[in-house]
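In what follows, chains are A, B, ... by sequence order, proteins preceding strands, each numbered from 1.
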Amino acid sequence: MILEVKGVRKCFGGVVALSDGNLVCRLGKITGLLGANGSGKSTISKIITGVYNADCGEINYNGQCVKYKNPNEARLDGIAMVFQNLSLIPDLTVWQNIVLGAEQKKGIGLDNKSAKEISEKIINKLHPGLDINKKVNQLNPGEMQIVEIAKAISAEPRLLILDEPTAALEQAQVKNLFQYMRELANQGVSMIFTSHRMWEVMEICDDVIIFRNGENVASIDFAEEGKDADKIISYITGDAKKSECEIVDREISGEAVLSIKGMNYGKHLRDISFELKKGEVLGIGGLAGQGQNELLLALAGAYPDMKCEAEINGRKIKLTKPVNAVRNSILLVPGDRQLEGLFLKDSVYKNTIFPKLALKRQPLFIPSKKYRMECENIVKTLSIKTHTIDTPVGTLSGGNQQKVVVGKWLSFDINVLLLADPAKGVDIGAKRDLYQYIVDMVKEKNTSVILYASDCEELIQYCDRVLIMYEGQIVDSLEGCNINEDEIISASMCVKRTMEVG
Amino acid sequence: MSKITNVSIDSIGSSMKKIGLKQEVSSIMILLVMFTITAILQDNFFEPNSVVRNINAFAPLILLAMGQAVVIISGGLDLSAGAALSLLTCVLTYVMKQDDPITGVYAIVIAFAVAVLIGVINGIGIGYLRIPPVILTFATSYIWLGAALFIRPTPGGETVKWFKVFYDTKSAEGVPAFVKAIGSVFQPALVLVLVGCLIWYVISKTKIGRYIYAVGSSNDSAYATGINTAKVQMMACIINSVFIFLAALFFVGQNQSGDARMGDPMTLKAIAAVVVGGIALTGGRGSVYLAIVGALILSFVNKIIFFADIPNAYQTLVSGLIIIVAIAGSVAYSYINKKAVGKESK
């Protein structure tokens, strides 16, 4: 036993990310870490490597109780982590990145020759043919991920933590990686491996630990208990209490507002086709980062290179410019409100009038009295908690900020409203207000909504139909009573397909 | 046989393209154009006397630009370089007494210490206190200026007789014969530039050299990898100070006096030289030697204006236009190149 984590707890500002994390890692074994989004598996990895400090609990590594303050300390102790958000220097070459921070001296200069040899050796096993003299900013995301993995391996760790290393990789690259991981395991390196793809976990791991809602609910040793995908899924989703189907099927008039055919954008979106009916709330589900955000951005016209046939109310439109989308009243409420949706330093009032100034014909002098009245109305209808409408948006709470983002589109006729995870980081009360408002809008104005939410519950509660995305494709469409947590998660994990493959 | 020759021709072709792709090439091409125009306009361009004069005129800007380049590559910017240069000339002339040759040595040691101190102060502000470089160095430039005015309110001062060795060895007194012999072959200004190049050559082979690029390219990633980014930024500032120190030696050798305001116009010129040379202001990209190319381009532009009989009133205007045209040309060049490569890879 190389690593034992006992009763680790971690809160982020009142939100419990990890309530009782336990984990055991054996010498030369590969431990899989499974769980839905936000179940705490990334958090526990980061606590082990010292990115976060645990609130309580203990970590035993090599029989000693350890507590690392930063990743560097952990690395010196032989624990390396492959980060999901890459830690590479874009302007340095591949080999320079691999040895970065651990350069060997040779005389007055650096030992570049052996550094290149080491890099060449590791890269050749992971991705033969990658030129180590290329700069990192010339690589594609998959190659970058490989360099990131090579960087962690070059430190010759005794415990290697791989946090979803395969998300950006292609099939062949994954195979190479697995081969190398086996080799390392045979040399006595222990590994913790996180992935959302069931078949990968089945293939590479010796045992799995399953997390749900911040605690580990099961650990399965494959050697003793065998590999049973269904059992693992049931642990991930919880003892599925089939919730009663409460939602009464609403009458949705058959007419399609928006129809998309053959949408393709690089690797992010592949061959997506769907129709959105008037007054329908269409959910987009799936694991994080499977192309949902890209889909919404593509609909909002953010990608000039995107290819698709789009029709709105039977009229053909080109969705390659944001202006086209906005002119056709396809409006996006972006996911990262602080970055994309708001001018944080400006007041609530100013934020609500910017779209008007930009899109509508304006009299020479801005009719501020009228607009202020309208803004007061928006604040009232959405119950935005703000002192006055001249308060800077940056000082409001997250939920109220999000309401401003939605509110600024209020005075427009909306054909299609795109919501990218609108309730992320929003407290429950504000979340309810926000959704209530959207539901009312759908009922009154017969607006169509496309909602991407990382939280299944929101999809279950508000959507008429849910499309599940997996690696840039729509793999499933759920309707009516089929919209429940069980179905969504098993569709997200692509269990049906993996069963066929495996 | 034919196969082999084919392959070798292909590889030559691709390596030619690789050369053509490099950022260096476009700025070196501009330099060649400027060089040719100057050589045509100036009748006695290749005569020894005018060569010497040109080297003396170009060297200070080259040194300052190289120092500035190091800071810019590390992700910073030094607006205090000119003021620091002035301060160092004032310190040098303040310590030296004309009749006492040994004071020259003291002056050099003290001025070097002051230079390092300037680098350390800028480095602490940028690296450890995380003050934006533009704001910090703007503020420190006033401190250096204030200190310079304190020790030398009006231009003047004196130097030891041998100090001319940094400008013109022949007229320097009291220097060993072998130094004079070297000086008659290599201009002192040229030697100073070569010393600067040597310093950077050595540093670029060490960890600090690589870390300067890493920190400038992505501070957060470098930190996550365990690099002490604050220390690297401070080292960049200190290296810059050393280059400023070399420039100060030249100026004092030339003018035999110190001036608290002489360096002011040099700051932005040096930054412009770095940019014209093709080093990205965002940091992490470009070679320090490109700063030499940039400084030479700017200097040749000045010469061209001078010899092209452009009326005084328009000279500044025209020099600005020439620089813009030159940079636009290099941007267009790299754009065409990128397109060609893009097609090929498809």
Side-chain angles (χ1 to χ4, degrees), chain A residues 46 49-51 68-77 79-113 115-116 131 133-140 144 147-148 150-152 154-155 163 305, chain B residues 11 14-15 17-19 21-24 69 72-75 198-232 278-288 290 334 337-338 341-342 344-346:
Chain A
K46 285 180 180 165
T49 46
V51 178
Y68 301 114
K69 282 193 220 69
N70 57 48
N72 207 28
E73 279 183 19
R75 203 170 56 169
L76 291 176
D77 248 10
I79 303 179
M81 179 161 174
V82 177
F83 290 95
Q84 237 176 324
N85 49 343
L86 306 159
S87 70
L88 302 176
I89 310 278
D91 287 313
L92 292 185
T93 63
V94 169
W95 67 267
Q96 283 173 338
N97 262 296
I98 289 174
V99 296
L100 193 71
E103 287 92 346
Q104 298 299 317
K105 271 196 179 174
K106 185 183 180 188
I108 191 164
L110 298 172
D111 191 357
N112 291 337
K113 212 176 133 208
K116 279 185 190 171
D131 183 2
N133 290 312
K134 259 191 183 176
K135 282 192 176 171
V136 165
N137 55 18
Q138 296 169 318
L139 305 180
N140 63 39
M144 282 189 199
V147 177
E148 180 82 36
K151 185 174 159 185
S154 77
D163 190 12
D305 299 335
Chain B
S11 70
S14 70
S15 61
K17 252 167 217 149
K18 260 183 202 163
I19 293 169
L21 255 181
K22 287 206 165 176
Q23 177 76 50
E24 287 85 351
I72 286 177
I73 288 169
S74 80
L198 189 71
I199 291 173
W200 177 248
Y201 179 78
V202 172
I203 290 170
S204 68
K205 295 289 164 205
T206 64
K207 267 189 195 184
I208 284 290
R210 187 167 305 158
Y211 289 178
I212 283 173
Y213 279 88
V215 168
S217 179
S218 170
N219 201 320
D220 293 342
S221 297
Y223 183 75
T225 316
I227 293 173
N228 186 345
T229 53
K231 188 178 145 200
V232 171
I279 295 168
L281 268 182
T282 45
R285 238 170 298 166
S287 160
V288 170
L290 283 179
S334 57
N337 246 329
K338 253 183 205 161
V341 170
E344 207 170 86
S345 64
K346 268 175 194 171

Chemist: Sort V99(A) into side chain, backbone, both or neither according to what part of it lies under 4.5 angstrom from a heavy atom of chain B.
Modeler: side chain
Chemist: Find the distance between OG (S218(B)) and CD1 (I89(A)) and round it off to the nearest 0.5 Å.
Modeler: 5.0 Å
Chemist: Going from CD on E148(A) to CD1 on I98(A), what distance comes out if it is rounded to the nearest 0.5 angstrom?
Modeler: 10.5 Å
Chemist: Please look at N97(A) and chain B and tell me whether the side chain, the backbone, both or neither of the residue comes under 4.5 angstrom of a heavy atom of that chain.
Modeler: neither
Chemist: Just so I understand: if I count every heavy-atom pair under 4.5 Å between each of T206(B), T225(B), V215(B) and chain A, which residue has the most?
Modeler: T225(B)
Chemist: Would you kindly say whether R285(B) and N137(A) are connected by a side-chain donor-acceptor distance under 3.5 Å?
Modeler: no
Chemist: I need the residue from A214(B), A280(B), G216(B) with the largest number of non-hydrogen atom pairs under 4.5 Å to chain A.
Modeler: A214(B)
Chemist: Measuring from L110(A):CG to Q104(A):CD, what's the distance to the nearest 0.5 Å?
Modeler: 9.5 Å
Chemist: So how far is it from Q96(A) CD to K135(A) NZ, rounded to the nearest 0.5 Å?
Modeler: 8.5 Å
Chemist: So for Y223(B), is it side chain, backbone, both, or neither that comes closer than 4.5 Å to the heavy atoms of chain A?
Modeler: neither
